S.K.: 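Pasting a structure below so you can have a look.
Note that the structure is predicted; figures quoted are calculated from it, not measured.
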Amino acid sequence: MDWFSEKWQIINSLSPFLMDGLWKTFEVSSVAIMLGSILGAILGIIKTLDSKSLKLVINIYVHLFRGTPYLVQIYIIYFVLPSLGIAWLQFDSYTAAIVSLSLYTASYVTAIVAAAIDSIPAGQEEAARSVGMTKAQALYHVIVPQAIKLTVPPMASIYVIVIKSTAVLSVIGVAELTRQGETSILRMPGDTMFIYGLIAVLYFIYCYPVLRFASWAERKMKTSGSPQELA
């Protein structure tokens with residue numbers, strides 16, 4: 001009982017501190033997911049158009065951000081870009097976190113959206129064009145609504161990866177959950193494992209609903225029929 005009483009006192013003592021970190025994690029990841037999803041959706045649609053030059057530029061961006069560690073990306077955005085002397089690239093730590101995480105998210109969303117649109121049978125667009133729709137109208141009214149259904153499950157998985165990636169933001173001084181936990185360990189070095197356990201539980205509480213939503217969405221997509229079945 002003494003052990004439980006001691007740990008409960010630690011939880012009570014650290015709760016406000018860790019909850020501040022969890023809120024910062026939620027804030028940064030939510031903004032980055034929203035901005036990254038919008039940017040990724042736009043780039044994903046553009047990538048499916050007929051412009052080879054635009055497709056090349058987008059492919060370079062996607063492969064660059066998906067093929068390098070996020071830690072390296074945030075170092076470049078926070079430490080390297082300001083050294084170029086360009087005013088609008090002088091980011092504080094919070095802005096650097098949002099910019100880097102949004103670009104990282106967008107690279108994955110771009111690939112998901114483009115793959116979903118490409119998976120829609122070509123006959124769908126041909127049918128839309130045959131009744132007088134422009135390519136933009138066919139995308140808006142026929143292709144994209146079907147493609148969105150395919151993006152939901154993989155998108156949820158990417159969002160969980162983005163949430164967990166916020167753990168490295170402590171390297172640039174953002175007071176997210178991991179950073180607050182590390183500060184707590186400095187105050188209570190004898191309870192390192194217990195505090196890391198608390199951090200893991202809080203990440204799980206945040207990520208688990210997103211994973212459950214991904215599972216629910218995947219089942220929903222199967223029961224409502226794939227685009228091929230609808231064609």
S.K.: May I ask you to test the Gln9-Phe4 pair for a side-chain heavy-atom distance under 4.5 Å?
M.R.: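 Side-chain contact under 4.5 Å: no.
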S.K.: How long is the gap from OH on Tyr78 to CD on Gln90, to the nearest 0.5 Å?
M.R.: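 It comes to 11.0 Å.
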S.K.: Is there side-chain contact between Lys47 and Thr110, with at least one heavy-atom pair below 4.5 Å?
M.R.: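 Touching, per the 4.5 Å side-chain cut-off.
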S.K.: If I take atom CG from residue Leu54 and atom CD1 from residue Ile46, how far apart are they, to the nearest 0.5 angstrom?
M.R.: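 Between atom CG of Leu54 and atom CD1 of Ile46 there are 6.5 Å.
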S.K.: Are Tyr75 and Ile86 grouped together when hydrophobic residues (ILVMFWY) are joined by side-chain heavy atoms under 4.5 angstrom apart?
M.R.: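 The answer is yes; both residues are in one hydrophobic cluster.
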S.K.: Check whether Val152 and Tyr108 end up in the same hydrophobic cluster, where Ile, Leu, Val, Met, Phe, Trp and Tyr are linked by side-chain heavy atoms less than 4.5 Å apart.
M.R.: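 No, separate clusters.
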S.K.: Hydrogens and angles aside, do Tyr61 and Ser107 bring a side-chain donor and acceptor to less than 3.5 Å of each other?
M.R.: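 No, no side-chain donor-acceptor contact under 3.5 Å.
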S.K.: Determine whether the aromatic ring centres of Tyr104 and Phe65 lie less than 6.0 Å apart.
M.R.: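 Not close enough - the centres of the two rings lie 6.0 Å or further apart.
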S.K.: For Phe79 and Val171, which heavy atoms make the closest approach, and how far apart are they?
M.R.: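 Heavy-atom minimum between the residues: CZ-O, 4.5 Å.
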S.K.: Atom CD1 of Ile38 and atom CG of Leu43: how far apart are they, to the nearest 0.5 Å?
M.R.: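 These two atoms lie 12.0 Å from each other.
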S.K.: So Val28 and Glu176, do their side chains get closer than 4.5 Å, heavy atoms only?
M.R.: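 Of all side-chain heavy-atom pairs linking Val28 with Glu176, none is under 4.5 Å.
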S.K.: For the pair Val144 and Tyr140, evaluate side chain to side chain contact (heavy atoms under 4.5 Å, CB included) and give the outcome as yes or no after the intermediate values.
M.R.: CA-CA 6 Å; Val144 171; Tyr140 181 77; over 6 Å; no
S.K.: Grouping I, L, V, M, F, W and Y whenever their side-chain heavy atoms are under 4.5 Å apart, do Leu35 and Ile33 come out in a common cluster?
M.R.: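 Yes, because Leu35 and Ile33 connect within a single hydrophobic cluster, where side-chain heavy atoms sit under 4.5 Å apart.
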S.K.: Do the side-chain N and O atoms of Thr25 and Tyr203 include a donor-acceptor pair separated by under 3.5 angstrom?
M.R.: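 Side-chain D/A pair, Thr25 to Tyr203: absent.
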S.K.: Would you check if the distance from the ring center of Tyr206 to the ring center of Phe26 is below 6.0 Å?
M.R.: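 Yes, they do, as the ring centres are separated by less than 6.0 Å.
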S.K.: For the side chain of Thr151 and the backbone of Ile148, is there at least one donor-acceptor N/O pair under 3.5 Å apart?
M.R.: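 Confirmed, Thr151 side chain pairs with Ile148 backbone.
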S.K.: How close do Ser184 and Phe17 get, heavy atom to heavy atom, and via which atoms?
M.R.: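 Taking Ser184 first and Phe17 second, the nearest heavy atoms are OG-CD2, 3.2 Å.
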S.K.: Could you pull out the closest heavy-atom pair between Leu177 and Leu18, with the gap in Å?
M.R.: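 Taking Leu177 first and Leu18 second, the nearest heavy atoms are CD1-O, 3.6 Å.
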S.K.: Any link between Leu198 and Trp8 through a network of hydrophobic side chains (Ile, Leu, Val, Met, Phe, Trp, Tyr) touching at under 4.5 Å?
M.R.: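 The answer is yes; both residues are in one hydrophobic cluster.
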S.K.: Taking all atoms of both residues into account, what is the closest heavy-atom pair of Ser29 and Leu101, and its distance?
M.R.: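 Shortest heavy-atom contact: CA-CD2, 4.4 Å.
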S.K.: Test side chain to side chain contact (heavy atoms under 4.5 Å, CB included) on Ile11 and Phe194 and set out the steps.
M.R.: CA-CA 10 Å; Ile11 292 173; Phe194 183 72; 3.8 Å; yes
S.K.: Measure the CG-CZ distance between Leu64 and Arg66 for me, rounded to the nearest 0.5 Å.
M.R.: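 The CG atom of Leu64 sits 12.5 Å away from the CZ atom of Arg66.
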S.K.: Hey, are the side chains of Leu14 and Met188 touching, using non-hydrogen atoms and a 4.5 Å cut-off?
M.R.: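 With C-beta onward as the side chain, the pair touches.
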S.K.: Please step through side chain to side chain contact (heavy atoms under 4.5 Å, CB included) for the pair Leu169 and Arg179, ending with a clear verdict.
M.R.: CA-CA 8 Å; Leu169 296 179; Arg179 172 81 169 189; over 6 Å; no
S.K.: Kindly indicate, with the supporting measurements, whether the criterion side chain to side chain contact (heavy atoms under 4.5 Å, CB included) is fulfilled by Asp92 and Thr95.
M.R.: CA-CA 5 Å; Asp92 57 39; Thr95 306; 2.8 Å; yes
S.K.: Under the salt bridge (Lys or Arg N to Asp or Glu O under 4.0 Å) definition, can you give me all pairs with a residue in residues 182-210, not counting sequence neighbours?
M.R.: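 Qualifying pairs: Lys7-Asp191.
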S.K.: Compare all side-chain heavy atoms of Gln73 with those of Leu103 and state whether any distance is below 4.5 angstrom.
M.R.: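 A side-chain contact under 4.5 Å is absent here.
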S.K.: Is the shortest distance from a Lys or Arg side-chain nitrogen in Glu126 or Arg129 to a carboxylate oxygen in the other one below 4.0 Å?
M.R.: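 No, Glu126 and Arg129 are not salt-bridged.
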S.K.: I'd like to know if the side chain of Thr134 reaches the main chain of Gln137, judged simply by a donor and an acceptor atom lying under 3.5 Å from each other, with no hydrogens or angles considered.
M.R.: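 Present.
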S.K.: When rounded to the nearest 0.5 angstrom, what distance separates OG1 in Thr192 from CG in Leu186?
M.R.: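 These two atoms lie 9.0 Å from each other.
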S.K.: Taking all heavy atoms of Val62 and all of Ala111, pick out the closest pair and write down the distance.
M.R.: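 That closest heavy-atom pairing would be CG1-CB, 4.4 Å.
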S.K.: If you define the side chain from C-beta out and look only at heavy atoms, does anything of Ile158 sit under 4.5 Å from Ile161?
M.R.: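 A side-chain contact exists here, since the closest heavy-atom pair is under 4.5 Å.
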S.K.: Could you tell me whether the side chain of Ser119 reaches within less than 4.5 Å of the side chain of Leu150, counting heavy atoms only?
M.R.: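 Leu150 reaches Ser119 side chain to side chain.
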S.K.: Do Glu125 and Val142 come within less than 4.5 Å of each other through their side chains, counting heavy atoms only?
M.R.: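 They are not in side-chain contact.
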S.K.: Say you draw a straight line from CG of Leu22 to CD1 of Ile199; how long is it, rounded to the nearest 0.5 Å?
M.R.: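 Interatomic distance, Leu22 CG to Ile199 CD1, rounded to 0.5 Å: 11.0 Å.
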S.K.: Considering residues, nucleotides and ligands other than Met19, do more than 12 of their heavy atoms fall under 6.0 Å from its CE?
M.R.: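 No, not enclosed.
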S.K.: Taking all atoms of both residues into account, what is the closest heavy-atom pair of Ala128 and Val131, and its distance?
M.R.: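 The pair with the smallest heavy-atom distance is O-CG2, 3.0 Å.
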S.K.: In terms of hydrophobic clustering (I, L, V, M, F, W, Y; side-chain heavy atoms under 4.5 Å; direct or indirect links), are Met155 and Leu211 co-clustered?
M.R.: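 Per the 4.5 Å side-chain linkage, Met155 and Leu211 are co-clustered.
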S.K.: Keeping Ser100 on the side-chain end and Ala96 on the backbone end, is there a donor-acceptor pair under 3.5 Å?
M.R.: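 Present.
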